[in-house]
Amino acid sequence: IRVYAVNGSSNKKVPEALFPQKPLITHMYTADPSAHVFDGKLYIYPSHDIESGVVRDSSGGHFDMRDYHVFSIDEVTPNTKVVDHGQALHVDQVPWATKQMWAPDAAEKDGKYYLYFPAKDKNNIFRIGVATANTPTGPFVPEAQPIKDAYSIDPSVFQDDDGSYYLYVGGIMGGQLQRWQTGSYIEEDKYPADNEPVYMPKIAKLNADMKSLAQPLQDVVIQDEFGKPIVQGDFDRKFFEAAWVHKIKDIYYLSYSTGHSRFIQYGTSKSPYGPFTWRGKVLEPVLGWTNHHSIAEFKGKWYLFFHDSSLSDGKTHLRSVKMVELIHNEDGTIQTVDAYFG
Ligand code: FUB
């Protein structure tokens, strides 16, 4: 019996994991799954974890990924078949990028598919790139330059009902968001005091070309139940990385990872720009340091996509994607998932 060091069991009623402890993909390590339904099929755009030999450090150098594969699922069953569509983009094809192809996302508009990805440029600064394809699986052709004025990591693109697309970005520490607080990059890691608002994720509307920002990145405020911005000392609820937005009726849900405390928390809002009011936890900590997820509706059910390091026996940089059903309660709250003790 393998016992995983997670933060204890939850006594909440949680949906039954569809594949408890079972990674969806086992022939390679995958992480940071961004899931979307395009033309009735479920696609997963994950990071492709590898063992490159880079020693673990606080800036995440050991997450030394080089390419992306796209995966698809036709039907969710206890033995769901996941198809690997092969390499969709490699860092060597991206003129401005040098390394660390971290968590990507994808969007569809007018029959074209856009892959958004962070990577380090020649100056070791994380930028956000975009690449285009005629199919959801690629191959994707990258732009020669990163998206102007976009930075940090963990891009996710939310398509609203009115046809607008919004780019969310941001990650602390290795993700460098703390270095952009003046609006330009500074080579210094400065963090708020415990009683000051935490660094928030950023949002900008995308232009019609899907390759440029229609406005400067701005903060997406996450506030507590009293309407005050979540502060740096709020260890269990502060934003760290992995912002993801989904919408049900007119409620926008922003879910995100808290980093060191390793939860996926969420808030709700009436606007994609926020402010988002904290409502609860989506996911308890998983095996491995990182916790990163996405949420998508497929054939009438909502699913949570996440990763853990169970397939590599706990190696933080060698993760595997999993999925479970996610239940939204009548009052709009989400039932917390505990991937191990449900
Ligand atoms: O996969 C590399 C980084 O680890 C991601 O960008 C973060 O969200 C974390 O999962």
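Counting starts at 1 for both ligands and their atoms, in listed order. Residue indices begin at 1 and follow the sequence shown.
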Tyr168 and Tyr166 aromatic ring geometry - parallel, tilted or perpendicular at 30°/60° bounds: tilted
Aromatic plane relationship, Phe38 with His36 - under 30° parallel, 30 to 60° tilted, over 60° perpendicular: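 Aromatic pair His36/Phe38 classed parallel.
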What about [X]: any of its N or O atoms under 3.5 Å from an N or O on ligand 1?
{"X": "Trp102", "result": "no"}
{"X": "Asp32", "result": "yes"}
{"X": "Asp49", "result": "no"}

Criterion side chain to side chain contact (heavy atoms under 4.5 Å, CB included) on Arg56 and Trp289, from CA distance to verdict: CA-CA 12 Å; Arg56 185 171 176 164; Trp289 197 90; 3.8 Å; yes
Part of Gln100 with heavy atoms under 4.0 Å of ligand 1, whether side chain, backbone, both or neither: neither
Contact atoms of ligand 1, heavy-atom distance to [X] under 4.0 Å:
{"X": "Asp154", "value": "5 (C), 6 (O), 7 (C), 8 (O)"}
{"X": "Arg319", "value": "1 (O), 2 (C), 4 (O), 9 (C), 10 (O)"}
{"X": "Ala103", "value": "6 (O)"}

Whether Met65 lies under 4.0 Å from ligand 1, heavy atom: yes
Criterion side-chain contact (heavy atoms from CB on, under 4.5 Å) against Ile73, the qualifying member of Leu42, Val37, Val83: Leu42
For Phe126, the option from Trp180, Trp102, Phe117, Tyr185 that meets ring pair (Phe, Tyr, Trp, His ring centres under 6.0 Å):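 Of all the options given, the one that passes is Trp102.
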Thr277 and Gln223: side chain donor to acceptor below 3.5 Å: yes
Salt bridge flag under 4.0 Å for residues Arg319 and Asp308: no
Residue, atom name and distance, where the atom is the protein heavy atom closest to atom 9 (C) of ligand 1: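 Nearest protein contact, heavy atoms only, for atom 9 (C) of ligand 1 is Glu241 OE2, 3.3 Å.
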